[in-house]
Student: 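Below is the structure I would like to discuss, written out as C-alpha coordinates.
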2 protein chains.
Amino acid sequence: MDTRTALLDSAERAARQRGFDAFSYADLARDVGIRKASIHYHFPLKADLAFGLIERYAARISERRAEIDREHQTAAGKLGAFLALYREALAEGTQLCLCVALSAGRDSLSPPVLEQLAEFHEDSAAWLEQVFTAAREDRSVIGLSDPQDEADALLALVEGAQLVARAAKDVTLFDRATAACRTRLAPTQLN
Amino acid sequence: MDTRTALLDSAERAARQRGFDAFSYADLARDVGIRKASIHYHFPLKADLAFGLIERYAARISERRAEIDREHQTAAGKLGAFLALYREALAEGTQLCLCVALSAGRDSLSPPVLEQLAEFHEDSAAWLEQVFTAAREDRSVIGLSDPQDEADALLALVEGAQLVARAAKDVTLFDRATAACRTRLAPTQLN
DNA sequence: GTCTATAGACTGATAGAC
DNA sequence: GTCTATCAGTCTATAGAC
(Lines give C-alpha, C1' and ligand atoms only; values in the text may rest on other atoms or scores of the structure.)
Protein backbone atom coordinates (compact mmCIF):
# COMPACT_ATOMS: atom_id res chain seq x y z
CA MET A 1 0.00 0.00 0.00
CA ASP A 2 0.85 3.61 -0.65
CA THR A 3 2.77 5.15 2.28
CA ARG A 4 0.60 8.24 2.29
CA THR A 5 -2.53 6.12 2.60
CA ALA A 6 -0.97 4.00 5.33
CA LEU A 7 -0.17 7.18 7.25
CA LEU A 8 -3.70 8.49 6.84
CA ASP A 9 -5.14 5.17 7.98
CA SER A 10 -2.95 5.04 11.05
CA ALA A 11 -3.58 8.69 11.90
CA GLU A 12 -7.33 8.30 11.51
CA ARG A 13 -7.42 5.32 13.82
CA ALA A 14 -5.35 7.17 16.42
CA ALA A 15 -7.35 10.39 16.15
CA ARG A 16 -10.64 8.59 16.52
CA GLN A 17 -9.43 6.53 19.44
CA ARG A 18 -7.40 9.01 21.44
CA GLY A 19 -7.81 12.43 19.81
CA PHE A 20 -5.79 14.34 17.21
CA ASP A 21 -3.43 15.89 19.75
CA ALA A 22 -2.93 12.65 21.62
CA PHE A 23 -0.87 10.90 18.96
CA SER A 24 2.53 11.96 17.66
CA TYR A 25 4.59 11.45 14.55
CA ALA A 26 6.58 8.99 16.64
CA ASP A 27 3.45 6.87 17.17
CA LEU A 28 2.65 7.02 13.48
CA ALA A 29 6.21 6.08 12.51
CA ARG A 30 6.14 3.04 14.81
CA ASP A 31 2.77 1.96 13.46
CA VAL A 32 3.57 2.36 9.77
CA GLY A 33 7.17 1.19 9.96
CA ILE A 34 9.14 4.19 8.78
CA ARG A 35 11.10 6.86 10.66
CA LYS A 36 9.28 9.89 11.92
CA ALA A 37 11.27 12.36 9.83
CA SER A 38 9.99 10.60 6.72
CA ILE A 39 6.43 11.50 7.60
CA HIS A 40 7.25 15.16 7.02
CA TYR A 41 7.87 14.35 3.37
CA HIS A 42 4.19 13.43 3.00
CA PHE A 43 2.77 15.87 5.54
CA PRO A 44 5.23 18.72 6.25
CA LEU A 45 3.15 20.05 9.15
CA LYS A 46 0.78 18.17 11.38
CA ALA A 47 -1.87 20.62 10.18
CA ASP A 48 -1.39 19.15 6.69
CA LEU A 49 -2.12 15.73 8.13
CA ALA A 50 -5.30 17.01 9.78
CA PHE A 51 -6.39 18.51 6.50
CA GLY A 52 -5.71 15.29 4.61
CA LEU A 53 -7.69 13.39 7.21
CA ILE A 54 -10.82 15.53 7.08
CA GLU A 55 -10.64 15.89 3.32
CA ARG A 56 -10.63 12.14 2.78
CA TYR A 57 -13.30 11.67 5.43
CA ALA A 58 -15.66 14.25 3.95
CA ALA A 59 -15.35 12.64 0.52
CA ARG A 60 -15.99 9.18 1.93
CA ILE A 61 -19.10 10.20 3.90
CA SER A 62 -20.45 12.22 1.00
CA GLU A 63 -20.24 9.06 -1.09
CA ARG A 64 -21.97 7.05 1.64
CA ARG A 65 -24.85 9.52 1.74
CA ALA A 66 -25.25 9.23 -2.03
CA GLU A 67 -25.26 5.46 -1.60
CA ILE A 68 -28.00 5.73 1.03
CA ASP A 69 -30.04 7.94 -1.28
CA ARG A 70 -29.71 5.34 -4.01
CA GLU A 71 -30.51 2.31 -1.86
CA HIS A 72 -33.37 3.68 0.20
CA GLN A 73 -36.53 5.26 -1.11
CA THR A 74 -38.31 6.30 2.07
CA ALA A 75 -37.14 8.88 4.60
CA ALA A 76 -37.36 6.28 7.35
CA GLY A 77 -35.10 3.95 5.41
CA LYS A 78 -32.53 6.69 4.92
CA LEU A 79 -32.57 7.70 8.57
CA GLY A 80 -32.17 4.10 9.63
CA ALA A 81 -29.13 3.78 7.39
CA PHE A 82 -27.78 7.06 8.76
CA LEU A 83 -28.04 5.74 12.33
CA ALA A 84 -26.36 2.51 11.27
CA LEU A 85 -23.49 4.53 9.81
CA TYR A 86 -22.74 6.18 13.16
CA ARG A 87 -23.26 2.99 15.06
CA GLU A 88 -20.82 1.23 12.75
CA ALA A 89 -18.21 3.97 13.21
CA LEU A 90 -18.17 3.26 16.95
CA ALA A 91 -16.49 -0.11 16.29
CA GLU A 92 -16.63 -1.91 19.64
CA GLY A 93 -17.05 1.32 21.57
CA THR A 94 -13.45 2.34 21.03
CA GLN A 95 -13.69 4.91 18.25
CA LEU A 96 -15.62 8.08 17.57
CA CYS A 97 -16.37 9.23 14.06
CA LEU A 98 -13.66 11.60 12.86
CA CYS A 99 -16.03 14.55 12.92
CA VAL A 100 -16.77 14.16 16.65
CA ALA A 101 -13.14 13.40 17.42
CA LEU A 102 -11.89 16.57 15.73
CA SER A 103 -14.72 18.72 17.09
CA ALA A 104 -13.84 17.67 20.62
CA GLY A 105 -10.32 19.02 20.37
CA ARG A 106 -10.96 21.82 17.92
CA ASP A 107 -8.85 24.37 19.76
CA SER A 108 -5.60 23.15 18.27
CA LEU A 109 -6.82 22.91 14.69
CA SER A 110 -5.76 25.26 11.91
CA PRO A 111 -8.32 27.57 10.24
CA PRO A 112 -8.51 25.58 6.98
CA VAL A 113 -9.26 22.41 8.93
CA LEU A 114 -11.90 24.17 11.02
CA GLU A 115 -13.46 25.42 7.84
CA GLN A 116 -13.62 21.94 6.32
CA LEU A 117 -15.03 20.60 9.57
CA ALA A 118 -17.76 23.25 9.65
CA GLU A 119 -18.57 22.59 6.02
CA PHE A 120 -18.83 18.87 6.64
CA HIS A 121 -21.16 19.50 9.52
CA GLU A 122 -23.38 21.79 7.49
CA ASP A 123 -23.55 19.21 4.70
CA SER A 124 -24.69 16.56 7.16
CA ALA A 125 -27.32 18.86 8.65
CA ALA A 126 -28.56 19.91 5.21
CA TRP A 127 -28.86 16.31 4.05
CA LEU A 128 -30.80 15.37 7.18
CA GLU A 129 -33.07 18.38 6.84
CA GLN A 130 -33.86 17.32 3.30
CA VAL A 131 -34.66 13.80 4.46
CA PHE A 132 -36.96 15.10 7.20
CA THR A 133 -38.68 17.34 4.69
CA ALA A 134 -39.26 14.33 2.46
CA ALA A 135 -40.65 12.49 5.47
CA ARG A 136 -43.51 14.98 5.56
CA GLU A 137 -44.58 13.70 2.17
CA ASP A 138 -44.04 9.97 2.48
CA ARG A 139 -45.20 9.85 6.13
CA SER A 140 -42.61 7.22 6.98
CA VAL A 141 -41.58 9.01 10.20
CA ILE A 142 -44.02 9.68 13.02
CA GLY A 143 -44.23 12.70 15.33
CA LEU A 144 -42.51 15.12 12.97
CA SER A 145 -41.69 18.67 14.00
CA ASP A 146 -39.70 21.34 12.11
CA PRO A 147 -37.25 19.62 9.69
CA GLN A 148 -34.33 21.85 10.63
CA ASP A 149 -34.87 21.22 14.34
CA GLU A 150 -35.18 17.51 13.67
CA ALA A 151 -31.96 17.50 11.68
CA ASP A 152 -30.00 19.35 14.37
CA ALA A 153 -31.48 17.11 17.05
CA LEU A 154 -30.58 13.89 15.28
CA LEU A 155 -27.04 15.05 14.57
CA ALA A 156 -26.58 16.04 18.22
CA LEU A 157 -28.10 12.76 19.33
CA VAL A 158 -25.79 10.50 17.32
CA GLU A 159 -22.70 12.53 18.22
CA GLY A 160 -23.60 12.53 21.91
CA ALA A 161 -24.48 8.86 21.80
CA GLN A 162 -21.05 8.07 20.38
CA LEU A 163 -19.43 10.09 23.13
CA VAL A 164 -21.25 8.43 26.02
CA ALA A 165 -20.95 4.96 24.48
CA ARG A 166 -17.19 5.30 24.12
CA ALA A 167 -16.85 6.82 27.59
CA ALA A 168 -18.53 3.77 29.07
CA LYS A 169 -16.88 1.44 26.53
CA ASP A 170 -20.36 0.06 25.96
CA VAL A 171 -21.83 0.06 22.45
CA THR A 172 -25.27 -0.83 23.74
CA LEU A 173 -25.51 2.66 25.24
CA PHE A 174 -25.59 3.96 21.67
CA ASP A 175 -28.44 1.59 20.92
CA ARG A 176 -30.44 2.61 23.99
CA ALA A 177 -29.86 6.31 23.31
CA THR A 178 -31.19 5.91 19.77
CA ALA A 179 -33.93 3.38 20.55
CA ALA A 180 -36.76 5.88 20.98
CA CYS A 181 -35.67 7.57 17.78
CA ARG A 182 -35.72 4.31 15.83
CA THR A 183 -39.27 3.51 16.94
CA ARG A 184 -40.39 6.65 15.13
CA LEU A 185 -39.34 5.12 11.82
CA ALA A 186 -41.94 3.09 9.94
CA PRO A 187 -41.10 -0.54 10.84
CA THR A 188 -41.10 -1.87 7.28
CA GLN A 189 -38.40 0.59 6.31
CA LEU A 190 -35.83 -0.14 9.01
CA ASN A 191 -33.20 -1.33 6.56
CA MET B 1 -9.69 33.68 47.67
CA ASP B 2 -8.11 30.40 48.58
CA THR B 3 -5.26 29.49 46.16
CA ARG B 4 -6.52 25.95 45.79
CA THR B 5 -9.94 27.22 44.76
CA ALA B 6 -8.43 29.75 42.36
CA LEU B 7 -6.45 26.93 40.75
CA LEU B 8 -9.54 24.74 40.43
CA ASP B 9 -11.50 27.62 38.91
CA SER B 10 -8.81 28.38 36.37
CA ALA B 11 -8.30 24.72 35.53
CA GLU B 12 -12.02 24.13 35.11
CA ARG B 13 -12.36 27.05 32.74
CA ALA B 14 -9.39 25.86 30.69
CA ALA B 15 -10.50 22.23 30.63
CA ARG B 16 -13.99 23.13 29.51
CA GLN B 17 -12.75 25.51 26.84
CA ARG B 18 -9.78 23.67 25.41
CA GLY B 19 -9.65 20.22 27.03
CA PHE B 20 -7.80 18.82 30.03
CA ASP B 21 -4.64 18.00 28.10
CA ALA B 22 -4.59 21.31 26.29
CA PHE B 23 -3.65 23.47 29.27
CA SER B 24 -0.44 23.26 31.28
CA TYR B 25 0.71 24.18 34.76
CA ALA B 26 2.40 27.14 33.08
CA ASP B 27 -0.98 28.41 31.83
CA LEU B 28 -2.49 27.95 35.26
CA ALA B 29 0.40 29.76 36.94
CA ARG B 30 0.07 32.73 34.58
CA ASP B 31 -3.67 32.88 35.15
CA VAL B 32 -3.61 32.59 38.93
CA GLY B 33 -0.48 34.64 39.48
CA ILE B 34 1.89 32.20 41.13
CA ARG B 35 4.82 30.19 39.81
CA LYS B 36 4.14 26.83 38.29
CA ALA B 37 6.22 24.90 40.83
CA SER B 38 3.88 26.19 43.55
CA ILE B 39 0.94 24.43 41.95
CA HIS B 40 2.54 21.11 42.79
CA TYR B 41 2.14 21.92 46.47
CA HIS B 42 -1.67 21.88 46.01
CA PHE B 43 -1.83 19.22 43.29
CA PRO B 44 1.37 17.12 43.21
CA LEU B 45 0.36 15.38 39.98
CA LYS B 46 -1.89 16.65 37.25
CA ALA B 47 -4.01 13.57 37.93
CA ASP B 48 -4.68 15.03 41.39
CA LEU B 49 -5.93 18.19 39.73
CA ALA B 50 -8.25 16.19 37.48
CA PHE B 51 -9.60 14.38 40.49
CA GLY B 52 -10.19 17.61 42.39
CA LEU B 53 -11.99 19.01 39.38
CA ILE B 54 -14.42 16.14 38.89
CA GLU B 55 -14.97 15.73 42.63
CA ARG B 56 -16.04 19.34 43.05
CA TYR B 57 -18.10 19.20 39.87
CA ALA B 58 -19.98 16.05 40.88
CA ALA B 59 -20.84 17.58 44.24
CA ARG B 60 -22.03 20.80 42.62
CA ILE B 61 -24.28 19.08 40.09
CA SER B 62 -25.65 16.70 42.67
CA GLU B 63 -26.71 19.75 44.67
CA ARG B 64 -28.28 21.31 41.60
CA ARG B 65 -30.33 18.19 40.95
CA ALA B 66 -31.60 18.26 44.53
CA GLU B 67 -32.51 21.90 44.01
CA ILE B 68 -34.44 21.02 40.85
CA ASP B 69 -36.29 18.29 42.73
CA ARG B 70 -37.24 20.81 45.40
CA GLU B 71 -38.31 23.59 43.06
CA HIS B 72 -40.21 21.59 40.45
CA GLN B 73 -43.06 19.21 41.11
CA THR B 74 -43.77 17.86 37.64
CA ALA B 75 -41.49 15.72 35.51
CA ALA B 76 -41.77 18.26 32.69
CA GLY B 77 -40.64 21.05 35.01
CA LYS B 78 -37.62 19.03 36.12
CA LEU B 79 -36.62 18.14 32.57
CA GLY B 80 -36.94 21.77 31.51
CA ALA B 81 -34.63 22.79 34.35
CA PHE B 82 -32.22 20.01 33.38
CA LEU B 83 -32.05 21.31 29.82
CA ALA B 84 -31.50 24.85 31.12
CA LEU B 85 -28.60 23.59 33.21
CA TYR B 86 -26.76 22.27 30.16
CA ARG B 87 -27.64 25.29 28.08
CA GLU B 88 -26.30 27.55 30.82
CA ALA B 89 -23.03 25.58 31.01
CA LEU B 90 -22.37 26.40 27.35
CA ALA B 91 -21.79 30.04 28.24
CA GLU B 92 -21.68 31.83 24.88
CA GLY B 93 -20.83 28.67 23.02
CA THR B 94 -17.28 28.58 24.34
CA GLN B 95 -17.44 25.96 27.08
CA LEU B 96 -18.58 22.38 27.41
CA CYS B 97 -19.76 21.00 30.72
CA LEU B 98 -16.85 19.36 32.52
CA CYS B 99 -18.33 15.92 32.05
CA VAL B 100 -18.33 16.21 28.25
CA ALA B 101 -14.92 17.88 28.24
CA LEU B 102 -13.31 15.09 30.25
CA SER B 103 -15.14 12.34 28.38
CA ALA B 104 -13.83 13.66 25.09
CA GLY B 105 -10.20 13.22 26.14
CA ARG B 106 -10.62 10.28 28.45
CA ASP B 107 -7.59 8.41 27.18
CA SER B 108 -5.15 10.37 29.29
CA LEU B 109 -7.14 10.21 32.54
CA SER B 110 -6.12 8.13 35.55
CA PRO B 111 -8.31 5.21 36.70
CA PRO B 112 -9.69 7.01 39.78
CA VAL B 113 -10.79 9.94 37.62
CA LEU B 114 -12.39 7.61 35.06
CA GLU B 115 -14.22 5.93 37.89
CA GLN B 116 -15.59 9.21 39.23
CA LEU B 117 -16.57 10.22 35.72
CA ALA B 118 -18.44 6.97 35.13
CA GLU B 119 -20.16 7.30 38.49
CA PHE B 120 -21.23 10.84 37.71
CA HIS B 121 -22.65 9.71 34.41
CA GLU B 122 -24.58 6.87 36.00
CA ASP B 123 -26.00 9.24 38.61
CA SER B 124 -27.23 11.58 35.89
CA ALA B 125 -28.80 8.72 33.94
CA ALA B 126 -30.42 7.30 37.07
CA TRP B 127 -31.90 10.65 38.02
CA LEU B 128 -33.28 11.16 34.52
CA GLU B 129 -34.72 7.65 34.45
CA GLN B 130 -36.51 8.37 37.71
CA VAL B 131 -37.91 11.61 36.30
CA PHE B 132 -39.15 9.84 33.16
CA THR B 133 -40.73 7.16 35.32
CA ALA B 134 -42.54 9.86 37.28
CA ALA B 135 -43.66 11.36 33.96
CA ARG B 136 -45.72 8.22 33.35
CA GLU B 137 -47.78 9.09 36.41
CA ASP B 138 -48.15 12.84 36.10
CA ARG B 139 -48.51 12.75 32.30
CA SER B 140 -46.55 16.00 31.93
CA VAL B 141 -44.43 14.62 29.07
CA ILE B 142 -45.94 13.41 25.82
CA GLY B 143 -44.87 10.52 23.61
CA LEU B 144 -43.14 8.54 26.36
CA SER B 145 -41.24 5.36 25.62
CA ASP B 146 -39.09 3.24 27.95
CA PRO B 147 -37.74 5.47 30.79
CA GLN B 148 -34.20 4.09 30.58
CA ASP B 149 -34.07 4.66 26.83
CA GLU B 150 -35.48 8.16 27.29
CA ALA B 151 -32.87 8.92 29.93
CA ASP B 152 -29.96 7.72 27.79
CA ALA B 153 -31.35 9.58 24.79
CA LEU B 154 -31.71 12.88 26.62
CA LEU B 155 -28.23 12.64 28.10
CA ALA B 156 -26.76 11.91 24.68
CA LEU B 157 -28.79 14.72 23.16
CA VAL B 158 -27.62 17.45 25.54
CA GLU B 159 -24.01 16.30 25.40
CA GLY B 160 -24.04 16.16 21.62
CA ALA B 161 -25.85 19.48 21.42
CA GLN B 162 -23.12 21.08 23.52
CA LEU B 163 -20.47 19.63 21.24
CA VAL B 164 -22.00 20.85 18.00
CA ALA B 165 -22.94 24.24 19.45
CA ARG B 166 -19.38 24.88 20.61
CA ALA B 167 -17.93 23.58 17.34
CA ALA B 168 -19.98 26.15 15.45
CA LYS B 169 -19.56 28.75 18.20
CA ASP B 170 -23.32 29.18 17.98
CA VAL B 171 -25.45 28.68 21.09
CA THR B 172 -28.66 28.69 19.09
CA LEU B 173 -27.65 25.31 17.67
CA PHE B 174 -28.18 23.92 21.17
CA ASP B 175 -31.63 25.47 21.22
CA ARG B 176 -32.58 24.06 17.85
CA ALA B 177 -31.23 20.62 18.72
CA THR B 178 -33.35 20.54 21.88
CA ALA B 179 -36.43 22.32 20.46
CA ALA B 180 -38.36 19.19 19.51
CA CYS B 181 -37.58 17.74 22.90
CA ARG B 182 -38.90 20.82 24.71
CA THR B 183 -42.22 20.71 22.83
CA ARG B 184 -42.84 17.34 24.44
CA LEU B 185 -42.97 19.00 27.87
CA ALA B 186 -46.35 20.24 29.07
CA PRO B 187 -46.31 23.99 28.28
CA THR B 188 -47.41 25.20 31.70
CA GLN B 189 -44.45 23.51 33.30
CA LEU B 190 -41.62 24.90 31.23
CA ASN B 191 -39.99 26.67 34.13
C1' DG C 1 11.40 8.78 -0.47
C1' DT C 2 13.67 7.44 3.42
C1' DC C 3 17.31 7.99 6.44
C1' DT C 4 20.44 10.02 10.73
C1' DA C 5 21.01 13.69 13.58
C1' DT C 6 19.62 17.59 15.83
C1' DA C 7 17.38 21.93 16.98
C1' DG C 8 14.18 24.47 19.92
C1' DA C 9 10.31 24.60 22.59
C1' DC C 10 7.42 22.86 25.94
C1' DT C 11 5.76 19.32 29.28
C1' DG C 12 5.05 17.50 34.18
C1' DA C 13 7.71 16.97 38.06
C1' DT C 14 11.53 17.44 41.87
C1' DA C 15 15.08 19.52 45.15
C1' DG C 16 15.92 22.65 48.30
C1' DA C 17 16.16 27.73 49.99
C1' DC C 18 13.25 31.05 52.29
C1' DG D 1 3.17 28.09 50.85
C1' DT D 2 5.80 30.10 47.50
C1' DC D 3 10.03 30.66 45.40
C1' DT D 4 14.40 29.64 41.93
C1' DA D 5 16.60 26.37 39.42
C1' DT D 6 16.77 22.35 37.06
C1' DC D 7 15.74 17.65 35.17
C1' DA D 8 14.46 14.18 31.92
C1' DG D 9 11.20 13.38 28.61
C1' DT D 10 8.31 14.59 24.99
C1' DC D 11 6.81 17.18 20.97
C1' DT D 12 6.93 19.24 15.98
C1' DA D 13 9.97 20.46 12.62
C1' DT D 14 14.43 21.02 9.80
C1' DA D 15 19.09 20.05 7.47
C1' DG D 16 21.39 17.35 4.72
C1' DA D 17 23.33 12.51 3.28
C1' DC D 18 21.97 8.60 0.48
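Below, read A as the first sequence line, B as the second, and so on, with proteins coming before strands; counting in each chain starts at 1. Remember, it's a predicted structure, so these values are computed and weren't measured experimentally.
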Student: Strictly below 4.0 Å, heavy-atom distances to any atom of DNA chain D: list the hits from residues 28-39 of chain B, or just say none.
Tutor: B:Ile34, B:Arg35, B:Ala37, B:Ser38

Student: Walk along DNA chain C from 5' to 3' and tell me the first and last nucleotide with an atom closer than 4.0 Å to a non-hydrogen atom of chain B.
Tutor: C:dT11 to C:dT14

Student: For A:Phe23, which residues count as a ring-ring contact (aromatic ring centres under 6.0 Å, His included) partner, sequence neighbours excluded?
Tutor: A:Phe20

Student: For B:Glu63, look at atom CD and say whether over 12 heavy atoms of other residues, nucleotides or ligands are found less than 6.0 Å away.
Tutor: yes

Student: Base, sugar-phosphate, or nothing: which does A:Phe43 touch, judged by heavy atoms less than 4.0 Å apart?
Tutor: nothing

Student: Can you name the residues that form a ring-ring contact (aromatic ring centres under 6.0 Å, His included) with B:Tyr25, not counting sequence neighbours?
Tutor: B:His40

Student: Should we count CD of A:Glu67 as having more than 12 external heavy atoms under 6.0 Å?
Tutor: yes

Student: Strictly by modelled atom types, are A:Asp138 and A:Thr74 linked by a side-chain donor-acceptor pair under 3.5 Å?
Tutor: no

Student: With a 3.5 Å cut-off and no angle check, do the side chains of A:Thr94 and A:Arg16 form a donor-acceptor pair?
Tutor: no

Student: Would you classify A:Tyr41 as touching base, sugar-phosphate or nothing, given that sugar-phosphate means primed atoms plus P, OP1 and OP2, and contacts are heavy atoms under 4.0 Å?
Tutor: base

Student: How bent is the helix from C:dG1-D:dC18 to C:dC18-D:dG1, measuring the angle between the end axes built from five pairs each, rounded to 10°?
Tutor: 0°

Student: So among B:Arg13, B:Lys46, B:Arg18, which one has a salt bridge (Lys or Arg N to Asp or Glu O under 4.0 Å) with B:Asp27?
Tutor: B:Arg18

Student: Which of residues 101-117 of chain A have a heavy atom under 4.0 Å from DNA chain C?
Tutor: none

